[in-house]
Engineer: 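Below: one structure in structure tokens.
Here is how names work: the chains are called A, B, and so on, in the same order as the sequence lines, proteins then strands, and each is numbered from 1.
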Amino acid sequence: AQTVTQSQPEMSVQEAETVTLSCTYDTSESDYYLFWYKQPPSRQMILVIRQEAYKQQNATENRFSVNFQKAAKSFSLKISDSQLGDAAMYFCAYNNNDMRFGAGTRLTVKP
Amino acid sequence: GAGVSQSPSNKVTEKGKDVELRCDPISGHTALYWYRQSLGQGLEFLIYFQGNSAPDKSGLPSDRFSAERTGGSVSTLTIQRTQQEDSAVYLCASNSRGWGYEQYFGPGTRLTVT
């Protein structure tokens with residue numbers, strides 16, 4: 001079974017600094033999708049970024065970028081110029097005909 | 001436009017009672033997903049509908065859980081004979097492109113079994 005591991009239960013970053021959230025996954029598949037979702041206290045899950053496994057180029061969305069290492073089965077999220085509104089739970093997810101989520105990383109942003 | 005809505009937002013029930021949780025997906029979204037999020041945990045995938053069909057029900061945790069979708073729109077997740085371990089937030093999501101694409105989530109239903 002595919003599993004997703006987020007080894008950092010909590011992370012903290014100073015406003016305007018950069019932080020990287022880690023994610024590893026286990027799969028025997030070659031085609032799949034990876035996601036980072038953000039969950040603020042409102043509980044609404046919001047997509048941050050998406051990566052297709054067949055694409056070597058790392059996905060980027062404004063201040064958010066990923067470091068996708070397919071051979072290492074690693075998918076980390078980098079948040080640049082952190083803002084107070086980035087504070088939330090961040091979930092890494094693996095998708096191949098179902099969806100597997102990691103346990104999440106709680107990100108705190110200090111002013 | 002309207003997003004995914006779920007009702008009720010909170011539900012408290014006694015152990016052994018049945019509960020129904022409702023999800024209204026975004027209009028036109030053919031795919032609908034149910035997840036369970038226990039306290040301090042990630043999301044656990046429960047079931048997926050494409051139209052009114054659920055190709056794989058193996059994610060449902062026990063035979064006390066069932067789900068249906070009618071008219072390719074509203075979905076109901078039913079939990080029979082609730083147990084305390086069923087306490088969680090139940091999240092619904094939908095999209096129009098199926099697996100591999102962004103899912104739009106509702107705010108969830110927080111279920112508490114006393």
Engineer: Only pairs under 3.5 Å, no angle test: what donor-acceptor pairs are there between chain B and chain A?
Structural biologist:
| residue | atom | partner | partner atom | Å |
| --- | --- | --- | --- | --- |
| Gln37(B) | OE1 | Gln39(A) | NE2 | 3.0 |
| Gln37(B) | NE2 | Gln39(A) | OE1 | 2.9 |
| Trp99(B) | NE1 | Asn97(A) | O | 3.2 |
| Gly100(B) | N | Asn95(A) | OD1 | 2.7 |
| Gly100(B) | O | Arg50(A) | NE | 2.6 |
| Gly100(B) | O | Arg50(A) | NH2 | 3.0 |
| Gln103(B) | N | Tyr37(A) | OH | 3.0 |
| Phe105(B) | O | Gln44(A) | NE2 | 2.4 |
| Pro107(B) | O | Arg43(A) | NE | 2.8 |
| Pro107(B) | O | Arg43(A) | NH2 | 3.1 |
| Gly108(B) | O | Arg43(A) | NH2 | 2.9 |

Engineer: Would you kindly confirm whether Leu32(B) and Phe65(B) end up in one hydrophobic cluster when ILVMFWY residues are joined by side chain heavy atoms under 4.5 Å apart?
Structural biologist: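 Same cluster.
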Engineer: Any link between Ile79(A) and Leu47(A) through a network of hydrophobic side chains (Ile, Leu, Val, Met, Phe, Trp, Tyr) touching at under 4.5 Å?
Structural biologist: no
Engineer: Should side-chain heavy atoms under 4.5 Å link Ile, Leu, Val, Met, Phe, Trp and Tyr, which residues sit in the same cluster as Leu39(B)?
Structural biologist: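 When side chains under 4.5 Å apart are linked, Leu39(B) ends up in no cluster with other residues.
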Engineer: Is there a path of hydrophobic side-chain contacts, each under 4.5 Å between heavy atoms of I, L, V, M, F, W or Y residues, that connects Val4(A) with Met99(A)?
Structural biologist: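 Per the 4.5 Å side-chain linkage, Val4(A) and Met99(A) are not co-clustered.
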Engineer: Is there a chain of hydrophobic side chains (I, L, V, M, F, W, Y, each step under 4.5 Å between heavy atoms) that links Val13(A) to Ile49(A)?
Structural biologist: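 Same hydrophobic cluster.
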Engineer: Under a 4.5 Å cutoff for heavy-atom pairs, which residue among Gly100(B), Gly59(B), Gly42(B), Ala93(B) has the most contacts with chain A?
Structural biologist: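 Greatest number of close heavy-atom pairs with chain A: Gly100(B).
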Engineer: State plainly whether one hydrophobic cluster holds both Phe45(B) and Phe49(B), where clusters connect Ile, Leu, Val, Met, Phe, Trp and Tyr through side-chain heavy atoms under 4.5 angstrom apart.
Structural biologist: no
